[in-house]
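Everything quoted here is computed from the prediction, not taken from an experiment. Throughout, residue positions are numbered sequentially from 1 according to the sequence presented.
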Amino acid sequence: MRIFDPHIHMTSRTTDDYARMAAAGVRAVVEPAFWLGQPRTNPGSFTDYFDSLIGWEPYRAGQFGIVHHATIALNPKEANDPRCRPVLDLLPRYLDKDRVVAVGEIGYDSMTPDEDDAFERQLALALEYDLPALVHTPHRDKAHGTRRTLEVVAASGLAPERVAVDHLNEVTADIVRDSGCWMGFSIYPETKMSPPRMVEILRRHGLDRMLVNSAADWGISDPLLTLETGRAMLAAGFTDDDVDRVLWRNPVEFYRQSGRLDLTAIGSTERTFAGSSIKRGGS
C-alpha cells in the first residue's frame with residue numbers, strides 16, 4: 001500500500017514518526033501552514049516558520065525516503081490577530097517557491113470579518129499564482145461555515161476543482177459534494193473522522209475527489225490513520241485499486257494542478273540509522 005498524506009503537520013512530529021510512516025508505506029506528504037498552538041506575536045515568526053516548511057522539513061522527510069511539499073498561508077485563527085495580519089503581505093515571497101503546491105490552510109475558524117477578508121485575499125493570491133487552495137472549515141457551526149466557505153469560493157473565480165475543502169464529516173460532505181470542490185477528511189483517534197466512518201462515506205459518495213488525511217499535529221492524533229483507513233477499506237470489500245486511488249492517486253491529481261509536484265525522489269534515500277549519515281539530535 002502506497003500512501004500520500006495530503007494534510008499532515010510534520011513540524012509537530014518526531015523523526016520516530018517519520019520512520020513509522022516510511023515503514024507503513026507513506027511516500028509523500030503535504031504540510032499546510034497552520035496555527036502552532038502558541039500565539040505568534042509578529043510577522044517575523046511566520047517567516048522563520050515558512051522557511052522551515054520549505055527548507056528543513058523537506059530535508060528531514062527526505063532522510064526517510066518521504067517527499068515533502070508544503071502549502072503556505074495565514075491561517076484563519078491568526079487572521080484575527082492584528083499583529084499577524086501583515087503576514088498577508090509576505091505571502092508572495094513564498095508562493096513562488098518550487099515546493100509550495102497550494103495556498104493553505106485558509107478559510108474559517110470563528111467566522112469573523114477579519115477571517116472573511118483574509119480568506120478572500122488569499123483565494124485571490126491562489127488565482128494570481130495559479131495554485132490550488134486548501135480550505136479549513138470551522139470546528140464550530142460546521143454546516144453553516146461550510147456553506148459560507150462555498151459561497152466565498154464561488155465568488156472568488158477560482159475553479160472548484162482547484163479547491164479542497166477539508167475537515168469534513170457526514171453532514172458537510174453532502175454540502176460539498178455537488179460544488180465541484182475536492183472533499184477532505186481528517187482521520188483522528190478521538191474527534192473528526194474515524195476509519196469506519198470514512199469507509200461509510202466512501203460507500204455513499206464514491207471515490208471521486210476524495211482526500212483522506214491524518215492532519216497529525218501537536219494534539220491527539222496519529223500519522224498512521226491513513227494506513228488504518230486503507231485497511232478498513234479492504235476489510236469492507238474495496239479493492240486494492242480503490243485504496244490506491246484514495247490514498248495515492250487522488251492527492252497526486254489534486255496537487256499536480258500546482259505544476260510543482262515532484263515525486264521523482266521517492267525511495268531514493270537510504271533509511272537507516274546505524275552506520276548511516278543520518279544524524280539523530282542536534283549536537
For the pair Tyr49 and Phe34, name the ring-plane relationship: parallel under 30°, tilted 30 to 60°, perpendicular over 60°.
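Tilted: the ring planes of Tyr49 and Phe34 meet at 30° to 60°.
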
For the residue pair His9 and His7, categorise the inter-ring angle as parallel (less than 30°), tilted (30 to 60°) or perpendicular (more than 60°).
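The rings of His9 and His7 stand perpendicular, inter-plane angle above 60°.
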
Can you find a heavy atom in the side chain of [X] that is under 4.5 Å from one in the side chain of [Y]?
X: Arg27; Y: Trp248; value: yes
X: Met210; Y: Ile201; value: yes
X: Ser221; Y: Arg13; value: yes
X: Thr11; Y: Trp56; value: no
X: Val135; Y: Phe119; value: yes
X: Arg209; Y: Val176; value: no
X: Tyr255; Y: Leu134; value: yes
X: Trp35; Y: His136; value: no

Donor-acceptor contact below 3.5 Å, side chain [X] vs main chain [Y]:
X: Trp182; Y: Glu161; result: yes
X: Ser110; Y: Thr112; result: no
X: Asp242; Y: Arg245; result: no
X: Tyr188; Y: Ala215; result: yes
X: Glu170; Y: Glu200; result: no
X: Glu31; Y: Met10; result: yes

For [X] and [Y], work out which heavy atoms get closest and say how close.
X: Arg99; Y: Ile54; result: CD-O, 4.1 Å
X: Val30; Y: Pro6; result: CB-O, 3.6 Å
X: Ile3; Y: Ala24; result: CD1-O, 3.9 Å
X: Val101; Y: Ser258; result: O-CB, 3.3 Å
X: Asp114; Y: Ala79; result: CB-O, 3.7 Å
X: Glu105; Y: Pro76; result: O-CD, 3.6 Å

Phe4 and Leu261: CA distance, side-chain angles, deciding distance, side chain to side chain contact (heavy atoms under 4.5 Å, CB included) verdict:
CA-CA 12 Å; Phe4 184 154; Leu261 188 68; 4.1 Å; yes

Using 4.0 Å as the upper bound for N to carboxylate O, is an ion pair formed by [Y] and [X]?
X: Asp130; Y: Arg162; result: yes
X: Asp89; Y: Arg121; result: yes
X: Arg20; Y: Asp17; result: yes

How long is the span from the [atom1] atom in [X] to the [atom2] atom in [Y], to the nearest 0.5 Å?
X: Met1; Y: Leu227; atom1: CE; atom2: CG; result: 5.5 Å
X: Leu123; Y: Leu131; atom1: CG; atom2: CG; result: 12.0 Å
X: Ser156; Y: Gln122; atom1: OG; atom2: CD; result: 12.5 Å
X: Lys142; Y: Thr137; atom1: NZ; atom2: OG1; result: 3.0 Å
X: Leu247; Y: Arg2; atom1: CG; atom2: CZ; result: 10.5 Å
X: Ser214; Y: Met21; atom1: OG; atom2: CE; result: 6.5 Å

Applying salt bridge (charged side-chain N to carboxylate O under 4.0 Å, His left out) as the test, list every pair that has at least one member in residues 36-55; sequence neighbours left out.
Arg40-Glu78

Can you run down the salt bridge (charged side-chain N to carboxylate O under 4.0 Å, His left out) pairs that involve residues 52-69, sequence neighbours left out, and say none if there aren't any?
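Passing the test, one end in residues 52-69: Glu57-Arg60.
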
Would you indicate whether Lys97, at its atom NZ, is surrounded by more than 12 heavy atoms from other residues, nucleotides or ligands within a distance under 6.0 Å?
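No, NZ of Lys97 has 12 or fewer neighbouring heavy atoms, counting only those of other groups under 6.0 Å.
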
Around atom CG of Asp98, are there more than 12 heavy atoms of other residues, nucleotides or ligands at under 6.0 Å?
no

Glu115 vs Lys77, test: side chain to side chain contact (heavy atoms under 4.5 Å, CB included). Steps then yes/no.
CA-CA 8 Å; Glu115 291 175 24; Lys77 188 176 185 70; over 6 Å; no

Test Arg203 against Phe238 for side chain to side chain contact (heavy atoms under 4.5 Å, CB included), laying out the working first.
CA-CA 9 Å; Arg203 278 177 168 159; Phe238 285 94; 3.9 Å; yes

Using the side-chain hydrogen bond (donor to acceptor under 3.5 Å, both in side chains) rule, take Asp262 and His69 through it: C-alpha gap first, then chi angles, then the decisive distance, then the call.
CA-CA 9 Å; Asp262 183 359; His69 294 81; over 6 Å; no

I'd like to know whether His68 forms a side chain to side chain contact (heavy atoms under 4.5 Å, CB included) with Tyr18, so could you lay out the CA-CA distance, the side-chain angles of the two residues, the decisive distance to 0.1 Å, and finally the verdict.
CA-CA 11 Å; His68 180 288; Tyr18 270 125; 3.9 Å; yes

Could you please spell out the steps behind the salt bridge (Lys or Arg N to Asp or Glu O under 4.0 Å) verdict for Arg256 and Glu253?
CA-CA 5 Å; Arg256 185 170 282 161; Glu253 182 181 346; over 6 Å; no

Can Leu90 be reached from Tyr129 by stepping across I, L, V, M, F, W or Y side chains whose heavy atoms are under 4.5 Å apart?
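No.
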
Consider side-chain hydrogen bond (donor to acceptor under 3.5 Å, both in side chains). Of Thr149, Asp116, Thr146, which one does Tyr108 pass it with?
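Of Thr149, Asp116, Thr146, side-chain hydrogen bond (donor to acceptor under 3.5 Å, both in side chains) with Tyr108 is met by Asp116 alone.
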
Verify salt bridge (Lys or Arg N to Asp or Glu O under 4.0 Å) between Arg177 and Asp208, making sure each step is shown before the conclusion.
CA-CA 10 Å; Arg177 178 189 56 200; Asp208 188 37; over 6 Å; no

Sequence neighbours left out, what pairs pass side-chain hydrogen bond (donor to acceptor under 3.5 Å, both in side chains) with at least one residue falling in residues 222-236?
Glu228-Arg231

Show the numbers, then the answer: is there a side-chain hydrogen bond (donor to acceptor under 3.5 Å, both in side chains) between His167 and Ser186?
CA-CA 5 Å; His167 307 314; Ser186 300; 2.8 Å; yes

Stepwise, does the side-chain hydrogen bond (donor to acceptor under 3.5 Å, both in side chains) test hold for Asn213 with Asp166?
CA-CA 9 Å; Asn213 65 75; Asp166 214 342; 3.2 Å; yes

